[in-house]
Participant: 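Please find one structure pasted underneath; my questions will follow.
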Amino acid sequence: MSRRVAVLAMVLAAILAGSAAVSVSPWWWCAAGPLLAFAGTGTYDLTQKRHSVLRNYPVIGHLRYWMEDVRPELQQYFIERNYDGRPFDRDTRSTVYERAKGTSDVDPFGTELSVYEPGYEYFAHSVVPCRVPENPVTVTVGGPGCGRPYEMALLNVSAMSFGSLSANAILALNRGAAAGNFAHDTGEGGISEYHTRYGGDLVWEVGTGYFGCRTPGGDFDAEEFARKAAWESVRCVSLKLSQGAKPGTGGVLPGVKVNAELARVREVEEGRTVISPPYHRVFSTPRELVLFLARMRELADGKPVGFKLCVGSRREVLAICKAMLAEDITPDFIIVDGAEGGTGAAPLEFVDHVGTPLTEGLITVHNALVGTGLRARIRIGASGKVATGADIVKRLIQGADYTNAARAMMFAVGCIQSQRCHTNTCPVGVATQDPHRVQALYVPDKYLRVQRFQQATVHSAMEIMAALGATDPSQLHPRMLYRRISPHAVASYDELFTWLDPGQLMSGDRLPEDWALDWAACAPDTFRT
């Protein structure tokens, strides 16, 4: 951008000089102005030493950079098909937009998907479908150590911090959550006044930076945590171990976004890039983790406490389960994030190659809890590209109790997938701290879109469940979801994946060899195996 500003400055200087020299004739000015502009630009291009393209192709070489700038928009609007865009295709985005606006979301003339292509998934409906329940299904979150259980909706706002999102985006999400009776995860950036203004139910996420409850040295501040956890709007507390976009590394909030308000909320220095450590200071072993979760629940006066992770090693998950058994301490919920990524910007190598995708991660955590006999005590939330009712039902079949959505909720408040979230130049005021851009997001309209999207999507999920013959998530089964594995063969999730029986890891009875090896290799006092 600075290069183009320099070019523009030179062009303007040339034009002004030309105007003084040729002011005798308007016609002469019309011809000389563009010539001087081209001459100034060409001179700059030939003499600069940074860009080889401009040195060899002065003036016209700028078209290359302009095309590069507008490539994402051209790709999205004119090239990609309805069903193959990434990260979210046009059909999915359109569904979210239509539901958020309260318009028709039906589609004519049949599917555009190739139903005989390997990877295609579908539900096995029942000949005798059920009636759709009149009221949305909720899930009670709160295990044996919880004194204040919470009724969680099937779809909630996933973790997005104030800082990564604008104040108006947070206000719209929270007001929508309050109006629709679903939860709003704060993300790891602390609790701002925008999270509390409308009284929406909050899941307070505490990350490795302990923003909002940190000492000046960056450690966990128990007293400050207890004070804020007591707020009425805080209904649950979540300890973030890792996130799907960048598991194994910390978050980064560019200094350009860290204004005085953000610095106050996060308790950091204004204008300085904020880096979250990749690991926690308060624990280093599975046993220390579960003991700290118990401490957090005590400090939160019995409110539900859990943790979020993107699954890496199955042995680490089993080590945490062994620690839970050893201490007889369980979290009230576990949120499984998928390596499909999310709203957080991350190095491409992490986005593409680190972490377990949500399907495998979710099934791993579900099986680990079932096999250790802990599943009934812990609710599982699924977070990763949840945007439609079909996404919700698929995750429930794979082992989740409820789901969270981040990017779909951003679509609901106006995001157009410009993928400029980390540049502070979001064109619709969702992911920016630029006051001029933020004011474009009108909260009284956008919060209604959030509410409508969540309500319509949950209703869609319940319609699908009813078509499968289920009125409650507990009645769903892996045999209800099929995947095409070749042009001539399909298999149900019941056949594709191993599903442990309750307590099977403890008894060792008919335990699959890979699970037996992992179970024997892990220990409650180390993550290293």
Side-chain angles (χ1 to χ4, degrees), residues 150 156-207 209-216 221 223-238 240 251 253-272 274 276 299-301 303 343 406 409-410 412-414 421 424 426 428-451:
Y150 177 68
N156 307 277
V157 180
S158 195
M160 294 179 284
S161 302
F162 170 54
S164 60
L165 296 193
S166 68
N168 282 8
I170 295 293
L171 286 171
L173 291 170
N174 191 258
R175 190 172 178 183
N181 295 314
F182 52 95
H184 178 192
D185 193 311
T186 65
E188 66 173 313
I191 306 175
S192 69
E193 69 104 350
Y194 308 111
H195 288 102
T196 59
R197 183 181 300 179
Y198 293 113
D201 292 345
L202 295 179
V203 176
W204 180 17
E205 182 179 273
V206 177
Y210 309 119
F211 301 121
C213 56
R214 62 188 265 131
T215 66
D221 187 329
E223 184 177 338
E224 184 69 1
F225 171 80
R227 184 180 71 84
K228 292 181 179 176
W231 292 352
E232 182 63 28
S233 58
V234 175
R235 307 305 295 271
C236 305
V237 178
S238 175
K240 192 191 91 166
L253 184 65
V256 68
K257 280 190 170 186
V258 186
N259 56 28
E261 186 176 37
L262 268 171
R264 184 175 65 255
V265 171
R266 295 200 177 204
E267 299 169 348
V268 295
E269 185 178 337
E270 181 181 354
R272 186 171 182 177
V274 180
S276 303
L299 291 170
D301 194 27
K303 292 181 179 180
T343 57
M409 292 293 181
M410 290 174 66
V413 296
C421 310
N424 208 33
C426 172
V428 291
V430 176
T432 179
Q433 300 305 311
D434 183 330
H436 175 71
R437 296 175 183 269
V438 171
Q439 59 83 31
L441 198 158
Y442 186 59
V443 175
D445 172 65
K446 301 303 183 184
Y447 94 87
L448 290 171
R449 291 168 59 107
V450 173
Q451 179 191 3

Participant: Determine whether Thr215 and Asp221 satisfy the following criterion, side-chain hydrogen bond (donor to acceptor under 3.5 Å, both in side chains), listing intermediate values before the conclusion.
Facilitator: CA-CA 5 Å; Thr215 66; Asp221 187 329; over 6 Å; no
Participant: Looking only at non-hydrogen atoms, find the nearest pair between Ala300 and Val237 and report the distance.
Facilitator: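 Answer, listing the atom of Ala300 first, then Val237: CB-CG2, 4.4 Å.
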Participant: List the steps and the verdict of salt bridge (Lys or Arg N to Asp or Glu O under 4.0 Å) for Arg227 and Glu223.
Facilitator: CA-CA 6 Å; Arg227 184 180 71 84; Glu223 184 177 338; over 6 Å; no
Participant: Where do Ala159 and Gly187 come nearest, in terms of heavy atoms and distance?
Facilitator: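 Smallest interatomic distance, heavy atoms only, reads CB-CA, 3.7 Å.
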Participant: For residues 260-269, which residue pairs qualify under side chain to side chain donor-acceptor pair (under 3.5 Å), counting only residues two or more places apart or in two chains?
Facilitator: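 Only Tyr194-Glu261, Glu269-Arg272 qualify under side chain to side chain donor-acceptor pair (under 3.5 Å).
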Participant: What's the spacing between Asn156 CG and Asp201 CG if we round to 0.5 Å?
Facilitator: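 Those atoms lie 9.5 Å apart.
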Participant: Between Thr432 (side chain) and Asn424 (backbone), is there a donor-acceptor pair under 3.5 Å?
Facilitator: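 Pair found, side chain donor or acceptor close to backbone of Asn424.
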Participant: Under the side chain to side chain donor-acceptor pair (under 3.5 Å) definition, can you give me all pairs with a residue in residues 166-178, not counting sequence neighbours?
Facilitator: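 Qualifying pairs: Asn174-His184.
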Participant: Can you give me the closest heavy-atom contact between Val430 and Gly414, atom names plus distance?
Facilitator: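 Minimum heavy-atom contact is CG2-C, 4.4 Å.
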Participant: Which atoms form the tightest heavy-atom contact between Met160 and Ser164, and what is the distance?
Facilitator: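 Minimum heavy-atom separation between Met160 and Ser164: C-OG, 4.0 Å.
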Participant: Quick check: closest heavy atoms across Thr196 and Ser233, and the distance to 0.1 Å?
Facilitator: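 That closest heavy-atom pairing would be CG2-OG, 3.8 Å.
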Participant: Please test Val450 against Met409 for side chain to side chain contact (heavy atoms under 4.5 Å, CB included), starting from the C-alpha separation and ending with a verdict.
Facilitator: CA-CA 7 Å; Val450 173; Met409 292 293 181; 4.1 Å; yes
Participant: Once you round to the nearest 0.5 Å, how far does NE2 of His195 lie from CG of Leu202?
Facilitator: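 Spacing of NE2 (His195) from CG (Leu202) equals 6.5 Å.
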Participant: Looking at Cys213, is its backbone amide N or carbonyl O close enough to the side chain of Lys228 to form a donor-acceptor pair, meaning the two atoms are under 3.5 Å apart?
Facilitator: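 Looks like no, no N/O pair under 3.5 Å.
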Participant: Out of curiosity, Leu171 CG to Tyr198 OH, how far, rounded to the nearest 0.5 Å?
Facilitator: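 These two atoms lie 5.5 Å from each other.
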Participant: Please list all pairs passing the salt bridge (charged side-chain N to carboxylate O under 4.0 Å, His left out) test where one or both residues lie in residues 181-199, with sequence neighbours left out.
Facilitator: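 Checked against salt bridge (charged side-chain N to carboxylate O under 4.0 Å, His left out) - neighbours excluded - the pairs reaching residues 181-199 are Glu188-Lys240, Glu193-Arg197.
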Participant: Taking only residues two or more places apart in sequence, or in another chain, which ones meet Phe225 in a ring-ring contact (aromatic ring centres under 6.0 Å, His included)?
Facilitator: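 With neighbours one apart ignored, the set is Trp204, Phe220.
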Participant: Taking the side chain as every heavy atom from C-beta outward, state whether Ile191 and Phe162 have any atom pair closer than 4.5 Å.
Facilitator: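 The answer is no; the side chains never approach within 4.5 Å.
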Participant: Do the non-hydrogen side-chain atoms of Phe211 and Thr186 ever get within less than 4.5 Å of each other?
Facilitator: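 Not in contact.
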Participant: Side-chain donor-acceptor contacts of residues 434-441 below 3.5 Å, not counting sequence neighbours, with atom names and distances?
Facilitator:
residue : atom : partner : partner atom : Å
Asp434  : OD1  : His436  : N            : 2.9
Arg437  : NH1  : Thr425  : O            : 3.2
Gln439  : NE2  : His436  : O            : 2.9

Participant: For Asp445, enumerate each residue passing the salt bridge (Lys or Arg N to Asp or Glu O under 4.0 Å) test, keeping only those at least two apart in sequence or located in another chain.
Facilitator: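 Asp445 satisfies salt bridge (Lys or Arg N to Asp or Glu O under 4.0 Å) with no residue once adjacent residues are dropped.
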Participant: From Tyr442 OH over to Lys446 NZ, what is the distance, rounded to the nearest 0.5 angstrom?
Facilitator: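 NZ of Lys446 is found 11.5 Å from OH of Tyr442.
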Participant: Identify the two heavy atoms, one from Ser238 and one from Val203, that lie closest to each other, and give their separation to 0.1 Å.
Facilitator: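 Ser238 and Val203 have their closest heavy atoms at CB-CG1, 3.9 Å.
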